[in-house]
There are 2 protein chains.
Amino acid sequence: MTRKEVAKLAGVSEATVSRVLNNVGPMREETRVRVMKAAAELGYEPNALAQQFARRRSGNIGVILPFVPKVHLFSTYYFSEILSGIGEAAQRLGYDLLLIFRDPEQSPDYAKLFRTQKVDACILLGSRDVPEERTALAEMKREGHPFCLVNQRFPEESFLSVDANHVAGSRMATRHLLDRGYTRIAFLNGPLHYSNSRDRLEGYAAELAAAGIRHADDWLLEGNYSRKSGYELAERVAEGIASRSVDAVFAANDRMAIGLMQGLKELGLEAGRDYAIVGYDDSDGSRLTSPGLTSVAVPFYEMGTMAAERVLEELADGGVRKAAEVEGIARDGHTYILPVSLKVRESS
Amino acid sequence: MTRKEVAKLAGVSEATVSRVLNNVGPMREETRVRVMKAAAELGYEPNALAQQFARRRSGNIGVILPFVPKVHLFSTYYFSEILSGIGEAAQRLGYDLLLIFRDPEQSPDYAKLFRTQKVDACILLGSRDVPEERTALAEMKREGHPFCLVNQRFPEESFLSVDANHVAGSRMATRHLLDRGYTRIAFLNGPLHYSNSRDRLEGYAAELAAAGIRHADDWLLEGNYSRKSGYELAERVAEGIASRSVDAVFAANDRMAIGLMQGLKELGLEAGRDYAIVGYDDSDGSRLTSPGLTSVAVPFYEMGTMAAERVLEELADGGVRKAAEVEGIARDGHTYILPVSLKVRESS
DNA sequence: TTGAAAGCGCTAACAG
DNA sequence: CTGTTAGCGCTTTCAA
């Protein structure tokens, strides 16, 4: 209703009001000023719903999260950093964030978000390499919707994704332990349906191989990224330490590392004294333990901004232009790989 | 375009399609079935933007967060729990979540979110009692928009809010220390522009008074809820412990408690041995320290669901009906107060 | 440089 | 019970 009043007060047509407010098409400076003044005077605020409808764009980026209340498989640190990063970029580029919790019961239908126009693009966190997920992603791709995965790649699929260099990170971690004189390095990994986990295994194995060490099978421990899963493996690791078949542990995330440290402490084994340990994520928790936990720092925040920027770029280009070269960032096909670094603390 | 096809295939008018899909108004079962089948066959999905526009409702709950990337004044634990809770309730009640990071540079304009129809209701996290904030909230209230504060109350304002019983929690924590035989209890609080902090002070003071203890002024320490601020007060606390004017500390959140413990450890003082300490939030971190940190558990997740339920209720009632009585939950005017509990660990 | 007018896809009176 | 019709508030041709 008010837009009409603005038009009247400024003595122009409604179309002109629209042009001025969107700064589109040619216009006389005088009209522009007149309209702006009228709008300001009336305190006019365009109706976002009408705009979205007329433009056929929601102006939203969908952010898809696994819904795991109270089941902290993922660290909250991880999500909140990435989310903040996405939020910063989205705000800067004029988009809002629509938060969508994936229902673990149902098989996902991401393409529907686009068909119903709820989002213009979307970013997926905590995605896993399982059949329903691949199907849902492939459908989005097929229908030409822009989306970006964070921290999960589907090698043969050419989905846009942003990841950190976990192979390098794991090599660093392993190298670090080797440099410190540890040679019997167990590896506590997470489930292999995360490409993340596979990368870490690759880096770990490669670095050991480079050092001419054949890793024993019983060095491989499988957790699920939760603290509990690390904690529960303490006895087994303690035996390894006692029998001298293990002198250090590289854990695929801090949560498991911390759980393991706690379990071992209860068995009388101290990190940094009786064994060395390196975690992954450089989360808040790594600074809370004693001794402090050496860890691989991942630029989650930057991964979030990168994901938002790239996916909006794809949206703008209609997916036509090739992926942009970004200064200093490795790119492998449609995957952007950000560098990680090692934070050394007392645990190693 | 497709809705027309559905109408044609089903042999009815577009309006009827609308009725069936929204299950509104009377309709013959046969028509209903026919339309549903046609819709399913054509894979019809209504356009959300058009619906929102026609209904003049966005279907979104705005969730407003302080934007503090990399400045972890608030624990990520706190936000992700509340957010998950809001998400669960929103999904259950058919709403989406629009995430909005408050720009710390600008004074907030929450009412605008409603005027532009971006949201139908909103929930504010990490709100502070400062003038710009009060103004922005009062404006929303004046314009009749439904909103709910979480963990922050404005006593004289009658804003809808959900909080935990921090007075009781602080009494519990203090009582616990007294029961353990500690009588010189320092209190490390956060800034008083959070009603949270004021509540804690009240509880602490009340419990000491009840025990007939006059608290010394130098027992009051002020941090800002960050780990660092706790850490930096270690020397001062250490002096207190050395001079026997302090034998225990109650900290207003876990982060500060943990920082303080770390600082004191560096000065050779161990929690649970040389002094007792109790934190607040029962965050992940409280389980990571050694000794484990006794802490007050706050039902963040439930606070989130409660906030969403209450604010949507207000939306539905057009703010007319009085606040509903919720079983077993204390209510003080427009504030719902959830109970907290004490988790005892080795630090006390 | 501006105005008139035709939608965007759906909902919601109002008739019938 | 169902069809007709008039918008919702804005954008965007197309003419002028």
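In what follows, chains are A, B, ... by sequence order, proteins preceding strands, each numbered from 1.
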Base of D:dC8 and ring of A:F53 stacked, centres under 5.5 Å, planes under 30°: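 The ring of A:F53 is not stacked on D:dC8.
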Are any of [X]'s side-chain N or O atoms less than 4.0 Å away from OP1 or OP2 of [N]?
X     : N      : result
B:R55 : C:dT11 : yes
B:N47 : C:dC8  : no
B:R28 : D:dT2  : yes
A:Q51 : D:dT11 : yes
B:Y44 : C:dC10 : yes
A:R3  : D:dG9  : no
B:T31 : D:dT2  : yes
B:S13 : D:dT2  : no
A:T16 : C:dG3  : yes

Rounded to whole angstrom units, what separation is found between the [atom1] atom of [X] and the [atom2] atom of [N]?
X      : N      : atom1 : atom2 : answer
B:Q117 : C:dC10 : CD    : P     : 19 Å
B:R56  : D:dG7  : CZ    : P     : 12 Å
A:K8   : C:dT2  : NZ    : P     : 20 Å
A:R34  : C:dG3  : CZ    : C1'   : 14 Å
B:E5   : C:dC10 : CD    : C1'   : 16 Å
A:R57  : C:dG9  : CZ    : P     : 15 Å
B:E14  : C:dA12 : CD    : P     : 15 Å
A:R32  : C:dT2  : CZ    : P     : 12 Å

Most 5' of A:A15 and B:E29 on DNA chain D, judged by nearest nucleotide: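 Result: B:E29.
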Give the ring-plane orientation class for A:F114 versus A:H145, where under 30° counts as parallel, over 60° as perpendicular and anything between as tilted.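 Parallel: the ring planes of A:F114 and A:H145 meet at under 30°.
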Hey, could you give me each pair passing salt bridge (charged side-chain N to carboxylate O under 4.0 Å, His left out) that has a residue in residues 6-26 of chain A? Not counting sequence neighbours.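 Applying salt bridge (charged side-chain N to carboxylate O under 4.0 Å, His left out) to every pair that reaches into residues 6-26 of chain A, excluding sequence neighbours, yields A:R3-A:E14.
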Choosing from [options], which nucleotide comes nearest the side chain of [X]?
X     : options               : answer
B:A50 : D:dG3, C:dG9, D:dT12  : C:dG9
A:R19 : D:dC14, D:dC10, D:dG9 : D:dC14
A:P26 : C:dT2, C:dG3, D:dG3   : C:dT2

What I'd like to find out is whether the side chain of B:M140 reaches to under 4.5 Å of the side chain of B:C122, using heavy atoms alone.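 Heavy-atom side-chain distance check passes, below 4.5 Å.
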Does the structure place the NZ or CZ of A:R128 under 6.0 Å from the centre of the six-membered ring of A:Y194, at an angle of no more than 45° from the ring's axis?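 No; the conditions do not both hold, so A:R128 does not lie above the ring face of A:Y194.
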So, are A:E88 and A:R92 salt-bridged, with charged N and O less than 4.0 Å apart?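 Salt bridge present between A:E88 and A:R92.
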Would you check if there is a donor-acceptor pair between the side chains of B:D163 and B:T335 at a distance under 3.5 Å?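 Distance-only check fails for B:T335 and B:D163.
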Contact class for A:V12 vs. all strands (heavy atom < 4.0 Å): base, sugar-phosphate, or nothing?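 Sugar-phosphate contact only.
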